[in-house]
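For reference, the structure is listed below as structure tokens.
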Amino acid sequence: KNCFLVPPLTRTNALTHTILPLLVILSTVLKFSIIVPLIPQHDREMLRLFRYLKLKEDFIQEVIICRSETPTYMATFIKKKYLCCAKQLNFKPKVLVSSVPFRAYDGTNRNRGLKLATSDFVVFLDADDLYADSMFEIISKAFVDTNCHAILHDYTLDTKDFELINSSK
């Protein structure tokens with residue numbers, strides 16, 4: 001694959017909220033393979049992530065969910081659950097689900113996703129994170145403007161009142 005992105009553009013946890021208002025106008029739309037390394041504790045966040053991705057369908061070729069700790073007898077049920085979630089939202093890009101019964105670390109899940117990805121551009125997203133509305137526009141513009149092979153970045157943490165407490169450039 002030509003390019004990949006890790007970690008997410010913005011990140012949050014239960015104690016923080018994330019806001020990154022950046023607006024970029026882009027004429028070229030790149031298509032991304034979205035890889036979501038997933039653990040069972042973040043299952044409940046997948047609907048929120050699908051809702052976000054639904055707004056960005058023009059940028060998405062496929063979503064690849066790589067879930068660990070899925071007992072063999074549950075694998076079919078889990079796959080149907082994610083596909084049903086995407087169908088409820090009328091999500092058009094292809095959704096693939098890859099699961100393993102053992103505890104796989106994020107790197108292992110990402111590598112499984114990379115093997116399945118069909119786009120030249122790959123983005124890793126965590127289901128429990130929040131993302132800027134213009135993230136795909138920003139990433140696409142960076143790839144087009146710089147002809148780079150990878151984009152690495154940090155994240156911004158804000159307090160509950162959205163007062164900046166930590167940011168990297």
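Formation of a donor-acceptor pair under 3.5 Å by the Tyr131 side chain with backbone atoms of Phe136 is not found in this model. The backbone N or O of Thr118 sits less than 3.5 Å from a side-chain atom of Glu62, completing a donor-acceptor pair. A donor-acceptor pair under 3.5 Å links the side-chain atoms of Arg48 to the main chain of Asp129, judged by distance alone. Listed for the Lys54 side chain is a donor-acceptor partner under 3.5 Å among the backbone atoms of Asn90.
Lys94 contributes atom NZ, which lies 9.0 Å from atom CG of Leu116 (distance to the nearest 0.5 angstrom). Taken to the nearest 0.5 Å, the CG atom of Leu83 stands 8.5 Å off from the CG atom of Leu96.
Note on Phe77 and Val100: separate hydrophobic clusters, where clusters join Ile, Leu, Val, Met, Phe, Trp and Tyr whose side-chain heavy atoms are under 4.5 Å apart, directly or indirectly. Linking ILVMFWY side-chain heavy atoms closer than 4.5 Å, directly or via other members, places Val97 and Phe102 in two distinct hydrophobic clusters. Side-chain heavy atoms closer than 4.5 Å link hydrophobic residues (I, L, V, M, F, W, Y) into clusters, and following such links, even through other members, never connects Ile39 to Leu49. Both Met46 and Met74 are assigned to one and the same hydrophobic cluster, defined by single-linkage of ILVMFWY side chains at heavy-atom distances under 4.5 Å.
Between Asp126 and Glu45, the closest side-chain pair of non-hydrogen atoms is not below 4.5 Å. Here the side chains of Ile35 and Val123 are not in contact, with every heavy-atom distance at 4.5 Å or above. Side-chain contact check for Leu47 versus Cys85: some heavy-atom pair is nearer than 4.5 Å. Inter-residue side-chain proximity for Met135 and Phe59 is flagged as unmet; no heavy-atom pair is nearer than 4.5 Å. Leu53 is listed as a side-chain neighbour of Phe91, based on a closest heavy-atom distance under 4.5 Å. The closest side-chain heavy-atom distance from Leu89 to Arg51 is below 4.5 Å. Annotation: side chain of Asn111 is not in contact with side chain of Thr108 (no heavy-atom distance under 4.5 Å).
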Report the C-alpha separation of Ile139 and Ile151 in whole Å, then their side-chain angles, then the decisive distance to 0.1 Å, and conclude whether the side chain to side chain contact (heavy atoms under 4.5 Å, CB included) test is met. CA-CA 8 Å; Ile139 294 168; Ile151 299 175; 3.9 Å; yes

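The aromatic rings of Phe143 and Phe32 are tilted relative to each other, their planes meeting at an angle between 30° and 60°.
Between Arg44 and Asp128, no side-chain nitrogen of the basic residue sits less than 4.0 Å from a carboxylate oxygen of the acidic one, so the salt-bridge criterion is not met. Comment: Lys56 engages Glu137 in a salt bridge, judged by a side-chain N to carboxylate O separation of less than 4.0 angstrom. Residues Lys31 and Asp120 are not paired through a salt bridge, judged by the lack of any N-O separation under 4.0 Å between the basic side chain and the carboxylate.
Between Thr70 and Ala75 the shortest heavy-atom distance is CG2-CA, 3.7 Å. The minimum heavy-atom distance linking Ala104 with Ser68 is given by the pair N-CB, 3.3 Å. In terms of heavy-atom proximity, Pro93 sits nearest to Gln61 at CB-O, 3.9 Å. Arg112 and Ser98 make their closest contact through NH2-O, 3.0 Å (heavy atoms, listed as atom of the first residue, atom of the second, distance). Among all heavy-atom pairs drawn from Pro37 and Asn109, the shortest one is CB-CB, 3.6 Å.
Annotation: salt bridge (Lys or Arg N to Asp or Glu O under 4.0 Å) contacts of Asp58 (sequence neighbours excluded): none.
Residue Lys87 qualifies as open at atom NZ: its count of foreign heavy atoms under 6.0 Å is 12 or below.
When only modelled atom types and interatomic distance are considered, Tyr82 and Asp43 share a side-chain donor-acceptor pair under 3.5 Å.
Partner Ile34 forms a side chain to side chain contact (heavy atoms under 4.5 Å, CB included) with one of Val95, Ile60, Ile65, Val122 and no other, that one being Ile60.
With Tyr105 as the aromatic partner, Arg103 meets the cation-pi criteria of under 6.0 angstrom to the ring centre and within 45 degrees of the ring axis.
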